[in-house]
Q: 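Before anything else, here's the structure in question.
Quick note on labels: first sequence line is chain A, next is B, and so on, each numbered from 1. Everything quoted here is computed from the prediction, not taken from an experiment.
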Protein chains: 2
Amino acid sequence: MDIYEESLAFHKKNKGKIALASKVPLNDRHDLSLAYTPGVAGASREIAKNPEAVWEVTSRGNWVAVVTDGSAVLGLGNIGPRAALPVMEGKCVLFKKFADIDAFPIVLKTQDVDTFVNTVKELSFSFGAINLEDISAPRCFEIEERLKAELDIPVMHDDQHGTAIVVSAGLTNAFKITGSSFENTKILINGAGAAGVAILKMLVSLGAKDILIADSKGIISADRTDLSPIKKNLLALTKPHEIHGTLSDGIKDREVFIGVSVGDVLTKEMVMSMAKDPIIFALANPTPEIMPDVAKEAGAFIVASGRSDFPNQVNNVLSYPGVFRGALNARAPQITDAMKLSAVSALASCVPSPSPDCIIPDVFDTSVVEVIARAVAKVST
Amino acid sequence: MDIYEESLAFHKKNKGKIALASKVPLNDRHDLSLAYTPGVAGASREIAKNPEAVWEVTSRGNWVAVVTDGSAVLGLGNIGPRAALPVMEGKCVLFKKFADIDAFPIVLKTQDVDTFVNTVKELSFSFGAINLEDISAPRCFEIEERLKAELDIPVMHDDQHGTAIVVSAGLTNAFKITGSSFENTKILINGAGAAGVAILKMLVSLGAKDILIADSKGIISADRTDLSPIKKNLLALTKPHEIHGTLSDGIKDREVFIGVSVGDVLTKEMVMSMAKDPIIFALANPTPEIMPDVAKEAGAFIVASGRSDFPNQVNNVLSYPGVFRGALNARAPQITDAMKLSAVSALASCVPSPSPDCIIPDVFDTSVVEVIARAVAKVST
C-alpha cells in the first residue's frame, strides 16, 4: 500500500479531519442561558453598540478561512472545489496544530474571479483573516490584490507568499555559509506561476539585482511574443535583454537555482554548467526538478527540496502559521510586505548556525511559530 | 449583575464559544504525509474520480452552516451580521452538544436576497446542510424557497420550521389530554412572521380546519387592504370571511392561542373570553404574550411558553438537532414536509404520558435527538 492508498484509507476511517469544538460548557439551564438565549443578547447588543467588540466577545479573531476554487490543487491541477476539500481540511488541521488557529475550509463552486472576490467579501465577517489556497495563476494575483484592497482583515495567498518566505529565509542562511549576498548573486527561478512570481518579487525587495525567471517555454525575455501581461511585468524585475532561450541557456554561470516548476527538468549537466558550488532549491512536489543526491553529485554545495527524506525541507508550514498568528495577535488589517520580510529574517534566525545540510528549521521545530508571530506582529500596521 | 451582563462577561472571558478540533494526530512526518502532502492527493483523486466520495473522505457530511444576515436576531431586530455572531456561535455549540453536529457560523454582509442566495450557493460545497437563522420575514421565505430549489443538500430555516415542529408536537400531546384533535379545534395564531406562517402551514397539514392568524394590525382577513402578498396567501388557509377585527375580536371562543409575537399582548380578559379550558402557547421571548401563571388564573388549562422557569418550555433545541442529525445520517438531499411531520410525532412520543404540566420533553432530555433523527431519516427522500 503506497502513501496515497494509505492516506485514502485514513481519510475514510476518520471521515475527514475536522470537527467543531465548543469552548464553553453546556450542562444545565444556566449554561444555556449564558451561551444562548436570553443572555447572549448581552454580547450581541455590545457589538451593535460598538462593532469592534466583535473581536472581544466572539471567536472571530482566531478563525481563518482557507479558501480555494480548486483550480490548482497540489500538483494535481484543476481538480475542482469538491476534490480540493481534503487538502483544505489538511491545511486547517495544520493551522490548528502549529499555531492554535481555528481554520475553516471554504471550497467555492465558482472559478470566476468576480464571483470569487464577491463571495469572500460577503462571508468575511465570520473570519479574522483569509488564507487563499491552490488558485491557478494568473487568477490568483488578481483575486489576492482585490481582496487585499477591499477587506480590512489580513488576506494572503499562501502558495505565493508562504513559499517565498521559506525560500528567502533558506537563501538568507545559505548566504551566511557562502559569504555572498542577495545583491551580488546570480539567480534563476524556474517556474513563473504563483510561487515563482512571489519569490522573484521578494528576492528583489531583499536586494537581489540579477535574477532570471523561466517558464515552461524558456527564459522570460523581451523577445518573447507569447507573454501574458503578468509575465511581461516581470521583465522590469529581471535582466531580460542579456539572456534568452531555454532553461539550459539561462542556467549557465548562475549561482542559485530555484525550481517551483515540475519534476526532473534540471539535469546533471545543467548543474555542472552553473557557477562553482551552486545553491539548488528543487521544490517541485513530489518529484523535485532534480533529486537532491543527484544535484550534490553534480557539484551543488547546498540543496533544498520539498522532500522530508532529504535535508533542508522547504515546507510552507514553516511560515504561514507564524505569519497568520502574528497578524491575528496584532489584529492587523493586512499582511504587508514589511510583515513578510520580518517573517523571513525571523525564520532564518531560527537556525542559529546554518550549515549546508541545515539552512531551514525542521518542520516540527515548535519554536518557529512563536518567533515568526512576534516578528510579524511587531512590524504590523 | 443580570443575565445579560453575566453573559457578556462570560463571552469576553472565553473570547467567543467555538474552536476547531482536529480529528487526526499530527505528531510526526508520517502523520503529516497522511493528513496533508503528499498522501492527501489520494483522497483528492478519489473525489475527482467520483464526486460522491466527498461524503466518505471529508468531514463535509457532518458540517452545517448556520447562516444569517442579522436582519431579525432574537427579539433584537435588525442588528446586523456582526452583532448576530454571538447568537450564531451559540447555535453552533448547541448543534455540537445536542446532536454531535459540527456547525459553523456564516454571517453575511449583505441583506439583499439575491446576494444572500448566490453566496450560500457558492459556499455550499463545504457543508452537508444549511441552517438559516434569524432572517426577517418575508425575505426569509424567498431565501429558503430558492435555496431549497437550487441546492441538493438540506436547507431549513429554523425560526420557521424548528418552532413549528415543537409547537405541533406540544399541541399533539395537549390534544391527547383534552381528547380533542387538530380537525375539530378552533385555533388562533398571533404573529404572522416566520414562525407564525410556518406554524399555520404545519397545523393545516396536520388536519387543522379552523385557524385564525393575526398580525400587529389584527386578524388577517379578506377586508384588510394592507396585506403583503405572503399574508394574502394565508387567507386561503384560514377562515377569513367569518371573523375580522382586533386580537380581542378574534380570540373569542377560540380553544387554542399560539403567540409568536411580542410580550404582554394577551390579557386575562381575552383568555376568559376563550372557550372553556383553553390551551395557551405564549412564546414571545423573553416576555411572553401573557405570563403562564396569569394565564392559568384566567382559566387556561394547559400553558406553554419559551421560559425555563415555567412548565412546558417550547425551545427549538428540541427539534433542529434531531432533524438535521436525521437528514445528515440519511444523506437526504432536502428536508421535506414528510420529514418535518415525522419529527413532530417523534417529538410528541418522547412524552409517553402527557399531563397539563408536561406536554413537551425537557430540553436536556438526551433521548430526544436520537428519536427524532431516526424518525426523520426513516422517511427521508
Q: If you count heavy-atom pairs within less than 4.5 Å of chain B, which of Val363(A), Val317(A), Asp2(A), Ile47(A) leads?
A: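 Looking at each of Val363(A), Val317(A), Asp2(A), Ile47(A) in turn, Ile47(A) comes out on top.
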Q: Is a side-chain donor or acceptor of Glu122(B) paired with a backbone partner of Thr110(A) at a separation under 3.5 angstrom?
A: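 Judged by distance alone, yes, a pair lies under 3.5 Å.
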Q: Heavy-atom distances under 4.5 Å only: say whether Asn27(B) touches chain A with side chain, backbone, both or neither.
A: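 For Asn27(B), backbone and side chain are both near chain A.
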Q: Given a strict heavy-atom distance threshold of 4.5 Å, which part of Leu26(A) is in contact with chain B: side chain, backbone, both, or neither?
A: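 Interface part for Leu26(A): both.
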Q: Based on non-hydrogen pairs under 4.5 Å, which of Thr37(A), Val120(A), Asn118(A), Asp362(A) is most in contact with chain B?
A: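 Ranked by heavy-atom pairs under 4.5 Å with chain B, first place is Asp362(A).
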Q: Counting only non-hydrogen atoms closer than 4.5 Å, does Ile18(B) touch chain A with its backbone (N, CA, C, O), its side chain (CB onward), both, or neither?
A: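 Ile18(B) touches chain A through backbone and side-chain heavy atoms alike.
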Q: Tell me, for Lys96(B) versus chain A, whether the close heavy atoms (under 4.5 Å) come from the side chain, the backbone, both or neither.
A: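 Lys96(B) touches chain A through side-chain heavy atoms alone.
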Q: Tell me the closest heavy-atom pair linking Ser7(A) and Leu34(B), and the distance in Å.
A: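 Smallest interatomic distance, heavy atoms only, reads OG-O, 2.8 Å.
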Q: Please name the pair of heavy atoms, one in Val40(A) and one in Val87(B), separated by the smallest distance, quoted to 0.1 Å.
A: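 Closest pair (atom of Val40(A), atom of Val87(B), distance): CG2-N, 3.8 Å.
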Q: For Phe125(B), which atoms come within 4.5 Å of any heavy atom of chain A: side chain, backbone, both, or neither?
A: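 Interface part for Phe125(B): both.
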Q: If we define contacts as heavy-atom pairs under 4.5 Å, which of Ile106(A), Val54(A), Ile101(A) has the most with chain B?
A: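 Among the listed options, the one with the most contacts to chain B is Ile106(A).
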Q: Using non-hydrogen atoms only, which part of Asn14(B) is less than 4.5 Å away from chain A: side chain, backbone, both, or neither?
A: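 Its backbone and side chain both get close to chain A.
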Q: Chain B: which of Asp100(A), Val93(A), Val107(A), Leu108(A) shares the most heavy-atom pairs with it under 4.5 Å?
A: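 Top count of heavy-atom pairs under 4.5 Å with chain B: Val107(A).
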Q: So, the side chain of Ser44(A) versus the backbone of Ala84(B): is there a donor-acceptor pair under 3.5 Å, distance only?
A: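 No: the side chain of Ser44(A) does not pair with the backbone of Ala84(B).
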Q: Please rank Ile79(B), Leu76(B), Leu32(B), Val67(B) by heavy-atom pairs under 4.5 Å with chain A and give me the top one.
A: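 When all of Ile79(B), Leu76(B), Leu32(B), Val67(B) are compared, Leu76(B) has the most.
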Q: Relative to chain A, which segment of Phe95(B) carries a heavy atom at a distance below 4.5 Å: side chain, backbone, both, or neither?
A: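 No part of it gets close to chain A.
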Q: Which residues pass the ring pair (Phe, Tyr, Trp, His ring centres under 6.0 Å) test with Phe127(A), not counting sequence neighbours?
A: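 So Phe127(A) forms a ring pair (Phe, Tyr, Trp, His ring centres under 6.0 Å) with Phe104(B).
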Q: Please determine, among Asp69(B), Leu85(B), Val73(B), the option with the most heavy-atom pairs under 4.5 Å with chain A.
A: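 Option with the greatest count: Leu85(B).
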Q: Work out which heavy atom in Lys121(B) is nearest to a heavy atom in Lys109(A); give both atom names and the distance.
A: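 Heavy atoms only, the tightest pair is O-CD, 3.5 Å.
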Q: Would you say that Arg29(B) contacts Gln313(A) through its side chain, given a criterion of any heavy-atom pair below 4.5 Å between the two side chains?
A: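 Yes; the side chains approach each other to less than 4.5 Å.
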Q: Among Trp63(A), Phe98(A), Phe116(A), single out the residue with the greatest number of heavy-atom pairs under 4.5 Å to chain B.
A: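 Winner by heavy-atom pair count: Trp63(A).
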Q: Do Glu52(A) and Arg82(B) come within less than 4.5 Å of each other through their side chains, counting heavy atoms only?
A: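 With C-beta onward as the side chain, the pair stays apart.
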Q: Would you please test Lys15(A) and Arg60(B) for side chain to side chain contact (heavy atoms under 4.5 Å, CB included) and show each step?
A: CA-CA 9 Å; Lys15(A) 284 217 155 201; Arg60(B) 180 181 175 189; over 6 Å; no
Q: With a 4.5 angstrom heavy-atom cut-off, is it the side chain or the backbone of Lys17(A) that approaches chain B, or both, or neither?
A: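 When you check distances to chain B, atoms from both the backbone and side chain of Lys17(A) fall under 4.5 Å.
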Q: Tell me, side chain or backbone of Trp55(B) under 4.5 Å from chain A's heavy atoms, or both, or neither?
A: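 Interface part for Trp55(B): backbone (N, CA, C, O).
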Q: Let me know if Asn62(A) has heavy atoms under 4.5 Å from chain B in its side chain, its backbone, both or neither.
A: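 Contact with chain B is absent: no heavy atom of Asn62(A) under 4.5 Å.
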Q: Counting only heavy atoms closer than 4.5 Å, note whether Ala9(A) contacts chain B via side chain, backbone, both or neither.
A: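 Neither part.
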Q: Counting only non-hydrogen atoms closer than 4.5 Å, does Pro38(B) touch chain A with its backbone (N, CA, C, O), its side chain (CB onward), both, or neither?
A: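 Contact with chain A: backbone and side chain both.
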Q: Got Tyr36(A) and Leu94(B) here, is their nearest side-chain heavy-atom distance under 4.5 Å?
A: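 Side chain of Tyr36(A) against side chain of Leu94(B), heavy atoms only: contact under 4.5 Å found.
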Q: Within this structure, what is the CG-OG distance for the pair Asp28(A) and Ser308(B), rounded to the nearest 0.5 Å?
A: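 It comes to 10.5 Å.
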Q: Count the heavy-atom pairs under 4.5 Å between each of Pro286(B), Gly80(B), Ala103(B) and chain A, then report the option with the highest count.
A: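 Sorted descending by pairs with chain A, the first entry is Ala103(B).
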Q: Among Gly90(B), Ala83(B), Pro51(B), which residue forms the greatest number of heavy-atom pairs with chain A at distances under 4.5 Å?
A: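 Top option by heavy-atom pairs under 4.5 Å: Ala83(B).
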Q: Which residue out of Pro81(B), Cys92(B), Ala41(B) racks up the most heavy-atom pairs below 4.5 Å with chain A?
A: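 Among Pro81(B), Cys92(B), Ala41(B), the one with the most close pairs to chain A is Ala41(B).
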Q: Rounded to the nearest 0.5 Å, what separation is found between the NE2 atom of His30(A) and the CZ atom of Phe10(B)?
A: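 These two atoms lie 8.5 Å from each other.
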Q: For Leu20(B), does its backbone N or O pair with a side-chain atom of Asp102(A) as donor and acceptor, under 3.5 Å?
A: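 Yes, because the side chain of Asp102(A) sits within donor-acceptor range (under 3.5 Å) of the backbone of Leu20(B).
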Q: Identify the two heavy atoms, one from Lys23(B) and one from Gly16(A), that lie closest to each other, and give their separation to 0.1 Å.
A: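 Taking Lys23(B) first and Gly16(A) second, the nearest heavy atoms are CE-O, 3.7 Å.
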Q: Of the non-hydrogen atoms in Val57(A) and Pro86(B), which two are nearest, and what is the gap between them?
A: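 Reported closest heavy-atom pair: CG2-CG, 4.4 Å.
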Q: Go through the atoms of Glu5(A) and report whether side chain, backbone, both or neither lie under 4.5 Å from a heavy atom of chain B.
A: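 For Glu5(A), no heavy atom lies under 4.5 Å from chain B.
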Q: Counting only heavy atoms closer than 4.5 Å, note whether Lys91(B) contacts chain A via side chain, backbone, both or neither.
A: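 For Lys91(B), the contact with chain A is made by backbone and side chain together.
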Q: Please test Ser59(A) against Glu89(B) for side chain to side chain donor-acceptor pair (under 3.5 Å), starting from the C-alpha separation and ending with a verdict.
A: CA-CA 8 Å; Ser59(A) 309; Glu89(B) 287 192 0; 3.3 Å; yes
Q: Under 4.5 Å, counting heavy-atom pairs only, tell me which of Gly306(A), Gly75(A), Pro105(A), Ser33(A) racks up the most with chain B.
A: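 The answer is Ser33(A).
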Q: If every non-hydrogen atom of Ala35(A) is compared with every non-hydrogen atom of His11(B), which pair is closest and at what distance?
A: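 Closest heavy-atom pair between Ala35(A) and His11(B): O-NE2, 4.3 Å.
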Q: Does any heavy atom of chain B fall under 4.5 Å from the side chain of Val24(A), the backbone, both, or neither of them?
A: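 Answer is both: backbone and side chain atoms of Val24(A) are under 4.5 Å from chain B.
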